[in-house]
Amino acid sequence: MTAAPLPRRFRNPVLPGCHPDPSVCRVGDDFYLVTSSFEWFPGLPLFHSRDLVHWRPVGHAMDRPSQLPLDGVRASGGLYAPTLRHHDGRFYLVCTLVDGTSWSGHFVLTATDPAGPWSEPHPLDGAGIDPSLFFDDDGRAWFTATRETGRYKGHTEIYLREFDPSALTLTGGEHVIWDGAVKGAIWSEGSHLYKIDGRYHLLTAEGGTAHDHAVMIARADHVTGPYEGDPRNPVLTHRHLGLGHPIVGTGHADLVRTPAGEWWMVLLAMRPHHDDRCVLGRETFLTPVRWEDGWPVAGPVEPSHPFPSLPEHRWPAEPACDHFDAPELGPSWNVLRTPRERWWSLTERPGHLRLRARPVSLAANPSLVGRRQSHPAFAAYTALDLAGEQVSAGLALVQNDAFHVLLLATGRELRLVVRERGVASVLAEVPAECHRVRLGVEAHGRWYQARYSLEPGRWEPLGAPVDGDLLSSQVAGGFTGVYVGVYATGDGGHADFDWFEYSPLS
């Protein structure tokens with residue numbers, strides 16, 4: 001007798017690395033998703049899937065300096081909690097720019113293709129963060145957002161206004177529709193509206209975006225309320241599972257229905273490498289949803305779930321090594337804040353990424369090109385040539401300007417530099433009068449080992465392993481995960497990077 005085949009399963013997270021605040025929408029058989037990007041440029045990465053599990057990057061909604069003034073934005077400022085929706089052949093994306101120096105606040109972008117081009121941002125009235133859009137079946141559209149009330153620390157309310165899709169403006173008066181499901185609730189935020197079986201459902205986050213994060217639901221017969229909370233709230237949380245659970249901080253969710261009628265939830269959560277420390281930041285997870293008594297039931301979020309009832313659709317795997325032979329940087333690469341000058345080139349020395357060395361700190365727009373650390377264990381390597389006496393260049397592991405690790409070649413020596421709480425320390429130094437060098441870092445959980453090679457095939461450790469706790473948001477603060485990439489600093493000259501390889505380790 002032949003045993004029945006085991007059901008297909010997928011692994012969480014579906015978007016590993018720093019991909020918080022996911023928002024998803026479906027157009028026919030296609031799913032599109034966007035996440036927050038904070039002070040990194042280009043902003044608002046967009047992804048495409050056919051099965052909700054395998055996602056490919058299709059670009060960024062804000063990829064032009066004219067769209068996104070991140071100049072002077074603090075670490076973990078910038079772009080917060082976008083929402084992506086589709087209506088009548090048009091994509092709408094609302095978001096908030098926090099602590100911008102030229103302008104801040106809510107805005108909306110539009111496009112006919114999620115891969116772009118996207119419009120310039122249209123400002124929207126109103127205070128707060130976490131905007132969302134809802135298109136009703138009567139032709140009207142609505143905007144929600146979160147703002148602080150001042151009643152007590154962390155108390156917020158969610159308000160509603162009508163949205164004019166043709167003029168891209170808010171109209172009419174405000175309706176305060178929610179201020180939390182739990183007595184003494186803090187940070188009721190991340191709202192999304194849906195109309196399901198004739199009722200309006202308001203999905204929110206609550207408890208702060210750390211260990212106590214949770215997903216709440218309320219519903220009403222009219223879009224303006226009054227809204228009643230689910231008596232079983234929260235509909236999803238892991239805060240009762242303890243700090244030792246492998247997945248913590250579940251919250252800030254969005255719902256999507258498949259063509260076959262299945263419901264799924266995308267949400268953020270974290271994978272601690274020990275205790276509560278998370279160097280990867282908040283990642284995008286997927287969990288099934290069922291409905292009972294007119295309310296959604298979800299979770300707990302598992303490392304593995306049965307696959308959605310959709311045809312599996314894998315995209316071609318991205319190469320582990322970038323040889324810098326394309327005309328532009330790929331969508332996995334980012335820079336800190338808005339680049340007002342072109343300090344990198346893929347054409348001045350074909351097959352290399354050239355970074356011009358500038359005396360610019362990591363609190364501004366340095367000569368740094370990075371990608372998200374996406375695995376608890378990984379190895380990253382690069383090979384570079386130096387040109388100029390004042391150039392220092394190499395690998396960077398960045399949480400923010402006050403907490404980072406640099407593995408630098410100067411032409412005279414190699415240095416391992418750690419910056420913690422704004423104070424830099426040289427942990428290791430090796431004389432190396434060589435303008436061609438290979439550098440690497442290997443991570444296993446909290447420990448990062450720097451390596452170097454001056455001869456092909458021979459790698460040496462540079463110093464002892466660095467305790468990566470300093471790169472976690474629990475130590476360094478903020479909302480992002482670690483970025484790993486290539487970096488150059490100095491007053492003149494440049495560094496040419498021949499290749500960059502990033503590989504997960506088991």
Side-chain angles (χ1 to χ4, degrees), residues 20-21 36 38 74-83 94-100 104-106 124-132 142-161 170 173-193 200-220 223-243 248-254 267-270 276 278 282 295 473-480:
D21 311 324
S36 296
F38 299 97
R74 61 175 173 84
S76 289
L79 296 175
Y80 279 33
T83 296
V94 287
C95 191
T96 310
L97 176 60
V98 175
D99 291 340
S104 294
H106 304 309
L124 296 172
D125 298 336
I129 56 171
D130 295 13
S132 186
W142 299 89
F143 169 94
T144 62
T146 294
R147 65 187 174 202
E148 293 184 76
T149 67
R151 293 176 204 164
Y152 58 82
K153 186 176 180 180
H155 183 261
T156 58
E157 62 187 14
I158 293 168
Y159 66 93
L160 173 86
R161 286 187 68 188
L170 301 182
E174 289 183 353
H175 306 267
V176 175
I177 58 174
W178 195 246
D179 73 341
V182 176
K183 184 177 181 180
I186 61 168
W187 292 109
S188 180
E189 58 188 349
S191 58
H192 295 304
L193 267 175
Y200 297 91
H201 288 73
L202 177 69
L203 193 74
T204 68
E206 198 169 296
T209 186
H211 182 77
D212 291 335
H213 216 23
V215 180
M216 308 291 185
I217 191 80
R219 69 188 183 191
V223 69
T224 56
Y227 283 81
E228 60 164 340
D230 184 345
R232 298 168 185 158
N233 272 325
V235 294
L236 178 77
T237 188
H238 280 198
R239 59 193 180 196
H240 62 295
L241 300 177
L243 294 175
V248 300
T250 53
H252 203 115
D254 200 2
L267 69 150
L268 67 80
M270 296 175 286
D276 66 339
C278 302
R282 299 166 302 157
W295 297 106
S473 59
Q474 290 74 23
V475 172
F479 299 127
T480 62

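Values in this document were obtained by computation on a predicted structure and should not be read as measured data.
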**Study point:** Step-by-step side-chain contact (heavy atoms from CB on, under 4.5 Å) determination, Thr237 to Val215
**Key:** CA-CA 6 Å; Thr237 188; Val215 180; over 6 Å; no
Exercise for review: List in chain and number order the residues that pass ring-ring contact (aromatic ring centres under 6.0 Å, His included) with Phe143, two or more places apart in sequence or in another chain; answer none if no residue qualifies.
Suggested key: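 Listed in chain order: His106.
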Review point. Taking only residues two or more places apart in sequence or in another chain, which ones pass ring-ring contact (aromatic ring centres under 6.0 Å, His included) with His201?
Key: Trp291
Check your understanding: Considering all heavy atoms of both residues, which atom of Ala220 and which atom of Gly225 are nearest to each other, and what is their separation?
Key -> CB-CA, 4.0 Å
Revision key, fill the gap. On a heavy-atom basis, the closest approach of Gly242 and Val248 is O-CG1, 4.1 Å
Nearest 0.5 angstrom please: [X] [atom1] to [Y] [atom2], how far?
X	Y	atom1	atom2	value
Asp276	Leu243	CG	CG	6.0 Å
Ile177	Tyr200	CD1	OH	12.0 Å
Ser132	Asp254	OG	CG	7.0 Å
Leu124	Cys95	CG	SG	11.0 Å
Asp21	Leu79	CG	CG	11.0 Å
Trp295	Ile217	CH2	CD1	7.0 Å

Study note, to complete from the structure: Residue set satisfying side chain to side chain donor-acceptor pair (under 3.5 Å) with Ser473, at least two apart, ordered chain then number -> none
Review point. For Asp99, which residues count as a salt bridge (Lys or Arg N to Asp or Glu O under 4.0 Å) partner, sequence neighbours excluded?
Key: Arg74
Exam field: side chain [X] to backbone [Y], donor-acceptor pair closer than 3.5 Å:
X	Y	answer
Ser188	Glu157	no
Tyr159	Ala127	yes
Asp230	Met216	no

Study note, to complete from the structure: The single option from Thr83, Leu202, Ile158 that satisfies side chain to side chain contact (heavy atoms under 4.5 Å, CB included) with Leu193 is Leu202
Is there a side-chain contact between [X] and [Y] in this structure, where contact means two heavy atoms from C-beta onward sitting under 4.5 Å apart?
X	Y	result
Pro20	Phe479	no
Arg161	Asp125	yes
Val176	Arg147	yes
Val98	Ile129	yes
Asp130	Trp187	no

Check your understanding: How about Thr149 and His155: does a side-chain donor come under 3.5 Å of a side-chain acceptor?
Key ->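 Looking only at side-chain atoms, His155 and Thr149 do form a donor-acceptor pair, the distance falling under 3.5 Å.
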Practice item. Consider only side-chain N and O atoms of Thr144 and Ser191, and report whether a donor and an acceptor are under 3.5 Å apart. Key: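 Indeed, the side chains of Thr144 and Ser191 share at least one donor-acceptor pair under 3.5 Å.
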Pair up each side-chain donor or acceptor in residues 206-214 with any protein partner under 3.5 Å, not counting sequence neighbours, and list the distances.
| unit_1 | atom_1 | unit_2 | atom_2 | d |
| --- | --- | --- | --- | --- |
| Glu206 | OE1 | Ala181 | N | 2.8 |
| Glu206 | OE2 | Val182 | N | 3.2 |
| Thr209 | OG1 | Arg282 | NH1 | 2.7 |
| His211 | NE2 | Arg239 | O | 3.3 |
| His213 | ND1 | Gly208 | O | 2.8 |
| His213 | NE2 | His252 | N | 3.4 |

Check your understanding: Which pairs with one or both residues in residues 175-192 pass salt bridge (Lys or Arg N to Asp or Glu O under 4.0 Å), sequence neighbours excluded?
Key -> Arg151-Asp179
